[in-house]
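For reference, the structure is listed below as structure tokens.
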Amino acid sequence: MTRTLYDLCGRDERLRFSPYCWRVRMALTHKGLDYDTVAWRFEDKQALAFADYDKVPVLLDNEQVITDSFDIMRYLDKTYPEAPVLGEGASYQRALFFKYFVERSVTPALFRLVAMDLLAAIHPDDRDYFRITREARFGTRLEALHNPEQARQQLATLLAPVRDLLRSSPFLDGDAPSGADYLLFGSLMWAHTVSLETLGEENALVDEWFKRMLSVHDGIAGKAFTIRDLS
């Protein structure tokens with residue numbers, strides 16, 4: 001059985017920074033499933049033609065092609081039901097709600113924290129594409145979006161419920177990490193991979209949780225190549 005994850009890379013092929021790919025990588029490892037990765041860049045649309053999709057993650061599980069990180073996590077639960085990530089019923093609905101919270105609130109704030117660092121981490125051939133698409137999405141220049149201090153203030157407010165939860169459990173899903181942890185971790189790993197910026201003192205509890213996440217599953221994320229490894 002072979003599984004291949006098409007995974008976004010930066011100016012160094014070892015630099016893998018997609019928040020959505022990191023969700024999937026953690027979910028695959030959570031389930032103990034082996035997989036290989038293929039480095040992919042923003043402008044390499046033809047490489048994903050087989051999937052009829054133009055972005056990553058794309059998971060090829062033997063002949064099965066699955067796109068979109070949350071759909072991949074859902075597929076993994078249905079196909080490999082041991083060690084569920086999202087769960088079923090109410091558990092799934094709560095994970096879906098948390099996905100929306102992360103994507104619509106936390107990730108945009110993180111973008112303000114690392115926008116210019118992210119641009120620098122991207123392969124030079126992809127930077128024009130990235131700038132054009134992201135500036136169209138946000139309606140302003142990347143230079144105007146990049147405001148780490150304002151981003152930290154936003155994150156101090158946005159992550160307050162997360163901090164409250166972490167006061168009573170080491171992970172968002174309890175004593176061990178699962179779907180909610182991977183959804184938020186993917187976005188924070190995105191920022192960590194491309195930037196030296198921090199979340200700030202207000203989010204010390206979240207930072208402690210993030211460090212725990214770096215060490216789970218034999219430290220798969222903690223061993224990842226980051227901007228710190230580039231000279």
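All values derive from a computational prediction rather than experimental measurement.
The aromatic ring centroids of F98 and F70 lie 6.0 Å or more from each other. Ring centroids of F138 and F111 are separated by less than 6.0 Å, placing the two rings close together. Residues Y100 and F97 keep their aromatic ring centres 6.0 Å or farther apart.
A distance of 8.5 Å separates CG of D173 from OH of Y182, quoted to the nearest 0.5 Å. The CG atom of L76 sits 9.0 Å away from the CG atom of L86 when rounded to the nearest 0.5 Å. The CG atom of N147 sits 9.5 Å away from atom CG of L113, with the distance rounded to the nearest 0.5 Å. Note that CH2 of W190 and OH of Y20 are 7.0 Å apart. Values are rounded to the nearest 0.5 Å. Going from atom CZ of R137 over to atom CD1 of I132 covers 13.5 Å, rounded to the nearest 0.5 Å. Taken from CG in L158 to OG in S105, the straight-line distance is 5.5 Å, to the nearest 0.5 Å.
Two residues are said to be in side-chain contact when any heavy atoms from C-beta on lie closer than 4.5 Å; L142 and L119 meet this criterion. Using a 4.5 Å heavy-atom threshold, the side chains of V56 and L48 count as touching. In this structure, the side chains of C21 and R16 stay at 4.5 Å or more apart for every pair of heavy atoms. Using a 4.5 Å heavy-atom threshold, the side chains of V162 and L166 count as touching. Under the 4.5 Å side-chain criterion, counting only non-hydrogen atoms from C-beta, K99 is in contact with L96. Y35 is listed as a side-chain neighbour of T29, based on a closest heavy-atom distance under 4.5 Å. Contact of the N203 side chain with the R163 side chain is registered, since non-hydrogen atoms from C-beta on lie closer than 4.5 Å. Side-chain atoms of L199 and F210, non-hydrogen and from C-beta on, never get closer than 4.5 Å to each other.
Pairing each heavy atom of T133 with each of F130, the nearest pair is OG1-O, 3.1 Å. Scanning both residues, A39 and C9, for their nearest heavy atoms gives CB-SG, 3.8 Å. Taking every heavy atom of both residues into account, D229 and A224 meet most closely at OD2-O, 3.9 Å. Heavy atoms only, all atoms of each residue included: V106 and L159 are closest at CG2-CD2, 4.0 Å. The shortest non-hydrogen separation linking F50 to Y6 is CZ-CE1, 3.5 Å. The two atoms that bring T67 and A51 nearest to each other are CG2-CB, 4.2 Å, heavy atoms only.
Listed for the D68 side chain is a donor-acceptor partner under 3.5 Å among the backbone atoms of D71. Side-chain atoms of S169 never come within 3.5 Å of backbone atoms of D175 as a donor-acceptor pair (strictly under, hydrogens ignored). Using modelled atom types, no side-chain atom of R212 and backbone atom of F171 make a donor-acceptor pair closer than 3.5 Å. The backbone N or O of A83 sits less than 3.5 Å from a side-chain atom of H30, completing a donor-acceptor pair. In terms of modelled atom types and a separation under 3.5 Å, the side chain of W40 and the main chain of K55 share no donor-acceptor contact. Checking side-chain atoms of K31 against main-chain N and O of E82 turns up a donor-acceptor pair under 3.5 Å. For D181 (side chain) and S178 (main-chain N/O), a donor-acceptor pair under 3.5 Å exists by modelled atom type. Put simply, the side chain of R11 gets close to the backbone of A120: a donor and an acceptor are under 3.5 Å apart. A donor-acceptor pair is defined here as one N or O able to donate and one able to accept, closer than 3.5 Å; such a pair exists between the side chain of R228 and the backbone of S195. In this structure, the side chain of D61 does not engage the main chain of R3 through any donor-acceptor pair within 3.5 Å.
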Original post:
Does the pair M26 and M213 meet the rule for a side-chain contact (heavy atoms from CB on, under 4.5 Å), with working shown?
Top reply: CA-CA 10 Å; M26 297 299 279; M213 291 295 296; 4.0 Å; yes

**OP:** Under the side chain to side chain donor-acceptor pair (under 3.5 Å) rule, what do T37 and D7 come out as? Steps first, then yes or no, please.
**Re:** CA-CA 6 Å; T37 66; D7 189 12; 4.8 Å; no

Subject >> Steps toward side-chain contact (heavy atoms from CB on, under 4.5 Å) verdict (L172, L184) >> reply: CA-CA 9 Å; L172 302 183; L184 180 58; 4.0 Å; yes

Original post:
E88 and R74: salt bridge (charged side-chain N to carboxylate O under 4.0 Å, His left out), yes or no, with the steps?
Top reply: CA-CA 9 Å; E88 298 292 339; R74 183 69 162 156; 3.2 Å; yes

**OP:** Please test V65 against V58 for side-chain contact (heavy atoms from CB on, under 4.5 Å), starting from the C-alpha separation and ending with a verdict.
**Re:** CA-CA 7 Å; V65 178; V58 171; 4.0 Å; yes

**OP:** List the steps, then state whether salt bridge (charged side-chain N to carboxylate O under 4.0 Å, His left out) holds for R152 with E197.
**Re:** CA-CA 10 Å; R152 275 187 277 271; E197 294 287 352; 2.9 Å; yes

**OP:** For S187 and T107, run side chain to side chain donor-acceptor pair (under 3.5 Å): C-alpha distance rounded to whole Å, both residues' side-chain angles, the deciding distance at 0.1 Å, then the answer.
**Re:** CA-CA 6 Å; S187 291; T107 302; 2.8 Å; yes

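In this structure, L205 is not a member of the same hydrophobic cluster as L188, with clusters built from ILVMFWY side-chain heavy atoms closer than 4.5 Å. L183 is connected to L165 through a chain of hydrophobic side-chain contacts under 4.5 Å among Ile, Leu, Val, Met, Phe, Trp and Tyr, so both are in one cluster.
Under the rule for a ring-ring contact (aromatic ring centres under 6.0 Å, His included), the partners of Y129 that lie at least two apart in sequence or sit in another chain are F42. Remark: Y75 engages no residue in a ring-ring contact (aromatic ring centres under 6.0 Å, His included) (not counting sequence neighbours). Partners of R14 under the salt bridge (Lys or Arg N to Asp or Glu O under 4.0 Å) rule, at least two apart in sequence or in another chain, are D12.
Salt bridge present: R167 and D164 bring a charged side-chain N and a carboxylate O closer than 4.0 Å. Using a 4.0 Å cut-off between a side-chain N of Lys or Arg and a carboxylate O of Asp or Glu, E143 and R141 qualify as a salt bridge. Classification of R23 and E103 as a salt-bridged pair holds, one side-chain N sitting under 4.0 Å from a carboxylate O. A salt bridge is absent between K211 and E208; no separation between the charged side-chain nitrogens and carboxylate oxygens falls under 4.0 Å.
When the shell of 6.0 Å around CD of E202 is examined, it contains 12 or fewer heavy atoms from other residues, nucleotides or ligands.
Shown are Q150, H146, Q153; of these, the side-chain hydrogen bond (donor to acceptor under 3.5 Å, both in side chains) with R112 is made only by Q150.
Counted by atom type alone, H217 and R25 present zero donor-acceptor pairs between their side chains at under 3.5 Å.
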